[in-house]
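Inspection log for the structure reproduced underneath, given as structure tokens.
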Amino acid sequence: MKLQVFDNYDQVSRRAAEIVIEESRKHPQLVLGLATGSTPIGLYREMVQVYQRGQLDFSEATTFNLDEYYPITPDHPQSFRRFMQEHLFDHVNIAPERIHFLSGTAADVESECSRYEAAIEAAGGIDIQVLGIGENGHIGFNEPGTPFHLKTHKVALTENTIQANSRFFERIEDVPRHALTMGISSIMRSRKILLLASGEKKAEAIKAALQGPVTEELPASVLQLHPDVTVMVDKTAATQLEGVPYKA
Ligand code: GLP
């Protein structure tokens, strides 16, 4: 794993955007795996700015989002689909037919999950997967204890995640108790992975993911087994790491 420690969140976002943008210039048909949550908002903001300056064309790019609550309608204010529209899709020229999302309203969850896996495969696999990390080390919605071999599947969210995500909802009771998520094995098949983290709330998970044992109890630790992962953190998220100078 390559580790890059930056002074602050904006620098993490800028550098992550540079990587995505460089790849998309080299390879306009880029297949991007995208994440939601507060962490990638800065990355999306940078991508939108570069696009608005006319320095980027996403017209041939394809996207797959990692996860979606279940059940939830796509136009629900807290759906991940809506989040992506607001932060990225409404502002750049990604073709709507090349935006892929798990459906939070699918009646047959199993076939929805297989449909998604097949769509990723048909697109040629994910070139760059952007990941945040949960305070408990989850990636996507793969909570601690999720077997590494799972592909896209339905999960019950942990109390910790429901609590953490309740900040976006009016009441904690409104947070959906389930989600559909790409599995660890789906994520591990991406060619390149960017793991972003910011803030001291993530410091413990980052330490465990990078320097702890590879265990299903800490889902992000599986990334130690992937050949091309860049971990980009600000210095507050790096405070628990051993032997790392707090400089980019
Ligand atoms: C959510 C998402 C993850 C995200 C994580 C951290 O539950 N399913 O994909 O990485 O939580 O979110 P944040 O970036 O807001 O801390």
Side-chain angles (χ1 to χ4, degrees), residues 1-27 30-51 53 55-56 58 61 63-66 87-88 125-140 142 164 182 184 187-215 218-248:
M1 285 166 134
K2 278 171 275 174
L3 171 68
Q4 300 181 354
V5 184
F6 296 87
D7 277 341
N8 55 49
Y9 173 70
D10 285 346
Q11 289 180 11
V12 173
S13 304
R14 220 166 295 140
R15 183 62 199 132
E18 277 168 17
I19 294 175
V20 171
I21 290 162
E22 275 161 28
E23 292 292 326
S24 120
R25 285 190 184 133
K26 278 193 265 175
H27 178 37
L30 196 69
V31 181
L32 269 176
L34 298 174
T36 49
S38 323
T39 310
I41 290 178
L43 157 67
Y44 300 148
R45 191 184 54 223
E46 292 289 327
M47 287 167 69
V48 169
Q49 281 172 4
V50 174
Y51 173 76
R53 289 200 296 268
Q55 293 164 347
L56 191 59
F58 285 119
T63 67
F64 286 90
N65 263 79
L66 269 177
H87 291 283
L88 185 67
I126 291 173
D127 293 312
I128 306 184
Q129 175 66 58
V130 175
L131 293 178
I133 184 169
E135 288 167 35
N136 61 5
H138 74 227
I139 48 178
N142 294 283
M182 276 166 57
I184 297 286
I187 293 170
M188 289 294 276
R189 283 200 304 276
S190 312
R191 285 178 198 92
K192 184 180 186 65
I193 294 178
L194 300 182
L195 174 67
L196 313 181
S198 144
E200 59 188 331
K201 277 190 176 170
K202 300 295 172 67
E204 230 172 273
I206 285 293
K207 154 86 180 155
L210 275 68
Q211 297 180 337
V214 175
T215 163
L218 202 296
S221 65
V222 74
L223 300 174
Q224 294 177 32
L225 306 178
H226 189 283
D228 188 357
V229 178
T230 304
V231 181
M232 308 172 82
V233 300
D234 64 11
K235 54 188 179 189
T236 55
T239 46
Q240 309 254 342
L241 289 171
E242 277 158 38
V244 173
Y246 300 153
K247 278 233 173 308

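For the single chain, residues carry numbers from 1 onward in sequence order.
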Over all atoms of both residues, closest heavy-atom pair of [X] and [Y]:
X      : Y      : result
Ala203 : Gln240 : CB-CG, 3.4 Å
Thr215 : Ser221 : N-OG, 2.9 Å
Val233 : Ala238 : CG2-CB, 3.9 Å

State whether the side chain of [X] and the backbone N or O of [Y] hold a donor-acceptor pair below 3.5 Å, judged by distance alone.
X      : Y      : value
Tyr9   : Gly42  : yes
Gln211 : Glu242 : yes
Ser190 : Ile126 : no

Is there a side-chain contact between [X] and [Y], using heavy atoms and a 4.5 Å cut-off?
X      : Y     : result
Leu194 : Gln4  : no
Leu34  : Pro40 : no
Thr36  : Leu66 : no

Nearest 0.5 angstrom please: [X] [atom1] to [Y] [atom2], how far?
X      : Y      : atom1 : atom2 : result
Gln11  : Ser198 : CD    : OG    : 11.5 Å
Leu241 : Lys235 : CG    : NZ    : 14.5 Å
Lys192 : Leu30  : NZ    : CG    : 11.0 Å
Ile41  : Leu88  : CD1   : CG    : 11.5 Å
Leu195 : Ile139 : CG    : CD1   : 7.5 Å
His87  : Leu43  : NE2   : CG    : 12.0 Å

For Glu200, look at atom CD and say whether over 12 heavy atoms of other residues, nucleotides or ligands are found less than 6.0 Å away.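 Open.
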Show the atom names and distances, to 0.1 Å, of all donor-acceptor pairs under 3.5 Å that link a side chain in residues 127-138 to residues at least two apart or in another chain.
residue: Asp127; atom: OD1; partner: Arg191; partner atom: NH1; Å: 2.5
residue: Asp127; atom: OD2; partner: His27; partner atom: NE2; Å: 3.4
residue: Asp127; atom: OD2; partner: Val31; partner atom: N; Å: 2.8
residue: Gln129; atom: NE2; partner: Gly33; partner atom: O; Å: 3.4
residue: Asn136; atom: OD1; partner: His138; partner atom: N; Å: 3.1
residue: Asn136; atom: OD1; partner: His138; partner atom: ND1; Å: 3.1
residue: Asn136; atom: ND2; partner: Glu143; partner atom: OE1; Å: 3.0
residue: His138; atom: ND1; partner: Glu143; partner atom: OE1; Å: 3.2
residue: His138; atom: ND1; partner: Thr161; partner atom: OG1; Å: 3.2

For residues 16-23, run the donor-acceptor check on the side chains, cut-off 3.5 Å, and write out each pair with its distance to 0.1 Å, sequence neighbours left out.
residue: Glu18; atom: OE1; partner: Arg15; partner atom: NH1; Å: 2.7
residue: Glu23; atom: OE2; partner: Lys26; partner atom: NZ; Å: 3.4

Arg25 vs Gln55, side-chain contact (heavy atoms from CB on, under 4.5 Å): CA-CA, chis, key distance, verdict: CA-CA 9 Å; Arg25 285 190 184 133; Gln55 293 164 347; 3.6 Å; yes
side-chain contact (heavy atoms from CB on, under 4.5 Å), that's the test. Do Lys2 and Asp228 meet it? Break it down for me. CA-CA 8 Å; Lys2 278 171 275 174; Asp228 188 357; 3.7 Å; yes
Verify side-chain contact (heavy atoms from CB on, under 4.5 Å) between Arg14 and Phe6, making sure each step is shown before the conclusion. CA-CA 10 Å; Arg14 220 166 295 140; Phe6 296 87; over 6 Å; no
Pair Asp234 + Lys202: basic N to acidic O under 4.0 Å: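 Salt bridge absent between Asp234 and Lys202.
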What pairs with His226 under ring-ring contact (aromatic ring centres under 6.0 Å, His included), at least two apart in sequence or on another chain?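 Expected list: none.
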